[in-house]
Each structure stands twice: as structure tokens, then as C-alpha cells.
Colleague: 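Just dropping this structure here.
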2 protein chains.
Amino acid sequence: MTSKNQSTLAVSTVIFALRPDEASGLMTLWLPLVRRIREPHLGQWALPGGWLPGDEELAAAASRTLRETTGLAPKYLEQLYTFGDLGRSPGNRVVSVVYWALVQSDEAALAAVGENVQWFPADRLPELAFDHNRIVDYALWRLRTKVEYSRIAHAFLGETFTLAQLRDVHEAVLQKPLDPANFRRTVEASGTVVDTGQHLAGARHRPPRLYRYNDSSRLADQGPLGPSIG
Amino acid sequence: MTSKNQSTLAVSTVIFALRPDEASGLMTLWLPLVRRIREPHLGQWALPGGWLPGDEELAAAASRTLRETTGLAPKYLEQLYTFGDLGRSPGNRVVSVVYWALVQSDEAALAAVGENVQWFPADRLPELAFDHNRIVDYALWRLRTKVEYSRIAHAFLGETFTLAQLRDVHEAVLQKPLDPANFRRTVEASGTVVDTGQHLAGARHRPPRLYRYNDSSRLADQGPLGPSIG
DNA sequence: GGAGTTATGGTCATTGTGACTATATGATGG
DNA sequence: CCATCATATAGTCACAATGACCATAACTCC
């Protein structure tokens with residue numbers, strides 16, 4: 001029965017969070033990697049993942065490796081692509097179903113790190129095991145494309161947020177400055193956020209309004225397939 | 001060794017072609033299905049596909065089942081999604097990497113049909129085996145979304161074509177009429193087509209120009225992953 | 001030659017958006 | 001308590017993209 005399928009199935013996850021760049025202090029994208037503790041590519045950094053258990057859903061497996069690696073729960077989780085090139089792994093042919101996830105920034109700051117788990121800035125990654133550099137590149141492209149037409153940016157933020165915080169997310173992802181007034185106009189027109197009526201005090205300037213995401217107006221994110229969150 | 005992975009890997013393909021609707025004569029989307037010749041779902045219609053050979057690339061497997069089913073070569077082929085829900089197939093857990101393909105309309109008219117292969121209009125499908133109705137719905141959504149921002153419509157056409165033919169493709173996919181003049185303006189501005197200088201004579205009206213696709217200006221189709229065609 | 005039919009070239013109003021100007025408002029420090 | 005600072009928020013203006021239309025071109029068919 002095994003003869004009809006000589007490939008092994010794995011699930012990996014590209015996990016994004018925002019945190020300040022060590023040097024510039026600006027918000028940038030970071031992602032956690034795990035060190036390979038066995039051949040092939042022993043010692044190299046790789047995406048968190050593992051073999052797919054026969055009794056676990058794909059998204060659940062991605063979510064689990066995310067939790068095991070970072071101790072976090074994803075605020076956004078979506079299938080990215082399935083990589084199955086014959087040469088991508090030495091030895092047995094491995095087909096990897098890859099997911100990508102966004103986690104909340106303040107939680108990511110508390111996330112577990114250790115000898116074998118470390119966060120890296122997305123634009124300065126080391127050489128990764130297997131074809132994982134290519135996978136991260138594709139995930140970055142998807143994130144940057146999707147943040148412009150979809151409403152996923154809030155996944156980096158908490159329950160309520162200011163438009164400046166939301167704009168920070170967009171600027172970090174898109175790597176370009178956005179005009180505050182124009183950004184506000186666009187976001188308000190899209191109807192994706194709701195004014196909570198509250199303000200955020202404490203800063204030495206006019207206190208900004210706090211917004212909440214408008215769940216009722218979710219834009220087309222994945223079409224007929226509902227977004228797999230959690 | 002098999003214990004670490006109790007799932008079976010399959011590859012299926014959603015194949016689209018355009019042909020005139022039997023009743024209205026208007027161009028509509030059609031797709032070929034194959035009849036199940038074994039359990040489960042014996043006798044029901046299903047997407048063409050099969051188990052993934054351990055020594056074949058994913059896209060190659062999709063392309064092969066496409067050829068075996070229709071005798072055609074795809075003009076466009078792209079991975080759609082990987083479906084692996086636990087309950088999607090009775091018995092052993094099956095994970096299907098699904099591709100979607102576009103084939104040329106005039107070739108599709110000649111495509112093989114038989115007792116176990118038949119073309120169906122995409123909007124009037126029977127109840128399919130497994131979760132294949134859901135898969136087709138998703139593929140249709142992807143096609144309709146992508147035809148608006150990408151340049152895949154020409155995959156339904158031959159080497160040269162008139163703007164009316166290209167517009168027919170868009171109208172059939174999007175299921176709504178498009179203004180000829182506006183369509184022309186948009187397409188010409190996009191720079192995706194090149195005037196061949198030739199005209200198509202024979203019709204009882206002003207002879208339309210023949211265009212060719214501009215390969216040099218390919219828009220972002222799949223980001224870092226090159227489109228897998230052929 | 002005239003009618004029929006689609007091709008193709010314009011116009012006009014509306015909308016979305018980048019660039020930019022101006023005002024609002026709380027915190028802070030004298 | 002007031003001036004200052006820094007960001008929040010409201011407008012303005014010009015321009016690009018686009019849907020709705022109108023007008024003319026150029027073949028075939030009768």
C-alpha cells in the first residue's frame with residue numbers, strides 16, 4: 001500500500017511578528033527559526049514544522065508547531081503553498097504544506113527564545129536549511145501583497161489601536177512611509193475600523209482615538225475558503 | 001518509517017476551457033470530469049488526478065493527468081490549494097495538492113471524450129465525489145479574481161486574437177458584459193498586447209486587428225515563484 | 001449603393017488617491 | 001498659566017483611472 005506514495009508529508013509555518021529594529025528602532029518584520037538538531041542540515045536554521053500526523057488537520061498542525069515554537073497563538077493563519085520539488089531535501093522525497101501566520105507584536109516580545117529558537121529580522125536572514133529561504137521570500141511577498149488589499153494588518157495589533165499604530169504596521173510591512181492624513185482617509189472610507197469613542201492619553205500631543213476592527217465588513221480574504229484563524 | 005506519516009498524497013487538477021453554451025450559444029466555462037471506476041464514490045464524477053508518484057514533480061503530475069484526461073497541454077497551470085481535511089475521504093487520510101489549468105478553447109473542442117470522461121458547464125455541475133464541488137468553487141473564484149488583475153485570459157486563446165475575442169473571454173469568466181470601447185482602452189493602456197498589423201477579414205463588418213501577447217511585460221503573476229506553465 | 005454590424009476613437013462626469021496646507025489638542029516646562 | 005512641541009485630524013487641489021455614452025470607420029451582404 002505504501003508503494004503508491006513514496007513521499008513524506010510535512011507541515012511548516014512562516015511566523016511573522018513586528019518588533020523594533022535593534023539599530024534604527026523602527027518597526028520591522030521578525031520571524032522565529034529553529035535550529036536543526038539532526039541531519040540533514042544539522043545546526044542550520046529552519047522554519048518551525050514537522051511531519052504531519054495522520055490524525056491532525058493541516059491548519060491545526062501549523063498552529064501547533066507555532067505554539068510549540070513560540071508559545072503563541074496566531075491571530076492570522078493561512079495556507080501559503082505546497083512545496084514538493086524532488087531535489088528540495090536529500091534522501092526521501094518530502095512534500096511540505098507551508099502555512100504563514102501573524103502574531104501580535106506585544107505578545108511576540110515575550111515569546112520564548114532559547115538555544116534552538118531565535119527571532120531574526122526578515123530582511124537579514126542567515127542561509128536556511130532546505131529551500132526555506134525561498135519559502136520565506138514567497139511568504140513575504142504574500143504578506144506585502146495582501147496587506148494592501150486585505151485587512152490583515154490588525155493581526156499584529158491588540159483589540160483596540162490607534163490609526164498611527166495601524167499605519168506603523170503598514171509602513172513596516174511595505175517598507176515605505178505613508179501620509180497620515182491620506183492613510184486615515186483610506187481606512188475610514190473602507191469601513192474596516194470602528195471608532196470606540198475612547199482616546200489614548202498620556203502622550204505629549206493630541207490624544208488619538210482608539211479604533212476596533214469591524215468584524216461585519218470583512219473583505220474577501222480567501223474567497224470561498226474561509227480564513228483559518230486560530 | 002511509515003509511522004511518521006499516515007497520509008496519502010494525491011494530485012488533482014481543475015481544468016478550464018471556454019466553449020459555447022449549448023442553449024444560449026454564449027461562451028461559458030467548461031471543465032472535464034472523470035467517472036470514478038472504484039470505491040469510494042464509484043460511478044460519481046470527480047476531478048482528474050491520481051496518487052503522486054514519488055519521483056514526479058507536483059506540477060508535472062498535474063500536467064500529466066491533464067494530458068491523460070483531455071489529450072491537451074495546458075497553456076496555464078498553477079497550484080491552487082492543498083486540501084487535507086480529515087473527513088474528506090473515507091478510509092485512509094488523503095491530502096490532495098490541487099492545480100488549476102487553462103486550455104485553449106479550439107483545442108478543447110477536439111478533446112477526447114468517452115464513457116468515463118465528459119465536459120460539464122462550470123455553473124451546472126452534478127454532485128461530485130469527495131469535496132470536489134468545493135474545490136471547483138474555489139478554483140472558479142481564483143480564476144475570476146485573477147483574470148481581472150493578471151493576464152491569464154490569453155491562455156484560452158491562440159497565438160493571435162482580436163480584442164473582441166479577448167473581451168469574450170473576460171465576459172465569459174466574469175459573467176457580465178463589458179463595454180467594447182472601454183475594454184479596448186484598458187487593454188491597450190496595460191501594454192499587455194501588441195498589434196500584429198494584420199487584420200481578420202471575412203466577417204460582415206469592419207475587420208478587426210489581430211493582436212499578440214506582449215511577453216516582455218508580464219505582470220506579477222505569482223511573485224517570487226515563477227508561473228509553472230506546461 | 002444602402003443597410004447592417006462590429007471596430008475603433010472620442011467626450012464627460014465620477015471616483016480614488018498622492019501631495020500638501022491648516023487647525024486641534026493634550027503634555028511639558030518654564 | 002502660557003508658550004511650545006508633536007502628533008491628530010480636517011480640508012484642498014490636481015491628476016489618473018474608469019464607467020457611461022456618442023460618433024465615425026470600414027467591411028459584407030443584398
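All of these numbers come straight from a predicted model, not from anything done at the bench. Sequence lines set the chain letters: A, B, ... in the order given, protein chains first and strands last, and positions in each chain run from 1.
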Colleague: Restricting to pairs with a member in residues 112-127 of chain B, which pass side chain to side chain donor-acceptor pair (under 3.5 Å), not counting sequence neighbours?
Modeller: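 Side chain to side chain donor-acceptor pair (under 3.5 Å) check on residues 112-127 of chain B returns B/Asp21-B/Arg124.
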Colleague: Ignoring hydrogens and angles, state whether a donor on the side chain of B/Ser12 or B/Ser96 is under 3.5 Å from an acceptor on the partner side chain.
Modeller: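 B/Ser12 vs B/Ser96: no donor-acceptor pair found between side chains.
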Colleague: Quick one: do A/Glu159 and A/Arg212 make a salt bridge, cutoff under 4.0 Å?
Modeller: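 Salt bridge: yes.
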Colleague: Run the side-chain hydrogen bond (donor to acceptor under 3.5 Å, both in side chains) test against A/Arg209 and tell me which residues pass, sequence neighbours left out.
Modeller: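 In terms of side-chain hydrogen bond (donor to acceptor under 3.5 Å, both in side chains), with neighbours along the sequence ignored, A/Arg209 is linked to no residue.
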Colleague: Residues of residues 153-167 of chain B with any non-hydrogen atom less than 4.0 angstrom from an atom of DNA chain D: list those, numerically ordered, please.
Modeller: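 Those residues whose heavy atoms fall under 4.0 Å from DNA chain D, taken from residues 153-167 of chain B, amount to none.
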Colleague: For the pair B/Lys75 and B/Glu107, find out whether any cationic side-chain nitrogen is under 4.0 Å from an anionic carboxylate oxygen.
Modeller: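 So B/Lys75 does not pair with B/Glu107 through a salt bridge.
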Colleague: Assess the residue pair A/Val103 and A/Leu66 against the criterion (side chain to side chain contact (heavy atoms under 4.5 Å, CB included)); give the C-alpha distance rounded to whole Å, side-chain angles, the decisive distance to 0.1 Å, and a yes or no.
Modeller: CA-CA 10 Å; A/Val103 297; A/Leu66 169 60; 4.2 Å; yes
Colleague: Please give me every residue in residues 200-207 of chain B whose heavy atoms get under 4.0 Å of an atom in DNA chain D, ordered by residue number.
Modeller: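 Here the set is B/Ala203, B/Arg204, B/His205, B/Arg206, B/Pro207.
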Colleague: Can you list every pair that meets ring pair (Phe, Tyr, Trp, His ring centres under 6.0 Å) and has a residue in residues 162-192 of chain B, with sequence neighbours left out?
Modeller: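 Every pair satisfying ring pair (Phe, Tyr, Trp, His ring centres under 6.0 Å) with a residue in residues 162-192 of chain B: B/His170-B/Phe183.
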Colleague: Who are the side-chain hydrogen bond (donor to acceptor under 3.5 Å, both in side chains) partners of B/Arg184, not counting sequence neighbours?
Modeller: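 By the side-chain hydrogen bond (donor to acceptor under 3.5 Å, both in side chains) rule, B/Arg184 matches B/Tyr211.
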Colleague: Check nucleotides 18-20 of chain D against the protein and report each pair of N or O atoms closer than 3.5 Å, with its distance, or say if there are none.
Modeller:
residue: D/dG19; atom: N7; partner: B/Arg185; partner atom: NH2; Å: 2.8
residue: D/dG19; atom: O6; partner: B/Arg185; partner atom: NH1; Å: 3.2
residue: D/dA20; atom: N7; partner: B/Asn182; partner atom: ND2; Å: 2.9
residue: D/dA20; atom: N6; partner: B/Asn182; partner atom: OD1; Å: 3.1

Colleague: Do B/Gln79 and B/Tyr81 have side-chain atoms, one donor and one acceptor, less than 3.5 Å apart?
Modeller: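 No, no side-chain donor-acceptor pair sits under 3.5 Å.
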Colleague: Run the side-chain hydrogen bond (donor to acceptor under 3.5 Å, both in side chains) test against B/Gln175 and tell me which residues pass, sequence neighbours left out.
Modeller: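 For B/Gln175, the residues satisfying side-chain hydrogen bond (donor to acceptor under 3.5 Å, both in side chains) (neighbours in sequence not counted) are B/Arg144.
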Colleague: Tell me if the centroids of the rings in A/Trp45 and A/Phe120 come within less than 6.0 Å of each other.
Modeller: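 Yes, ring centres under 6.0 Å apart.
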Colleague: May I ask you to check whether A/Trp100 and A/Tyr138 place their ring centres under 6.0 Å from each other?
Modeller: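 Judged by ring-centre distance (under 6.0 Å), A/Tyr138 and A/Trp100 do not meet the cut-off.
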Colleague: Quantify the bending of the helix from C/dG1-D/dC30 to C/dG30-D/dC1 as the angle between its end axes, each fitted on five pairs, to 10°.
Modeller: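 It comes to 0° between the two terminal axes.
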Colleague: Could I get the full list of salt bridge (Lys or Arg N to Asp or Glu O under 4.0 Å) partners for A/Arg88, not counting sequence neighbours?
Modeller: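 If we apply the salt bridge (Lys or Arg N to Asp or Glu O under 4.0 Å) test to A/Arg88, skipping adjacent residues, the hits are A/Asp131.
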Colleague: How long is the line joining CG of A/Leu210 and P of D/dA8, in whole Å?
Modeller: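 In whole Å, D/dA8 P and A/Leu210 CG are 12 Å from each other.
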Colleague: Do B/Tyr213 and B/Phe161 make the cut of ring centroids closer than 6.0 angstrom?
Modeller: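 For B/Tyr213 and B/Phe161, the ring centres are under 6.0 Å apart.
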Colleague: A/Val34: which residues meet the side-chain contact (heavy atoms from CB on, under 4.5 Å) condition with it, sequence neighbours left out?
Modeller: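 A/Val34 satisfies side-chain contact (heavy atoms from CB on, under 4.5 Å) with A/Pro48, A/Thr69, A/Val117 only.
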Colleague: Check every nucleotide of DNA chain C for an atom under 4.0 Å from a heavy-atom of chain B, then give the first and the last such nucleotide from 5' to 3'.
Modeller: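 Range of nucleotides within reach of chain B: C/dG4 to C/dT11.
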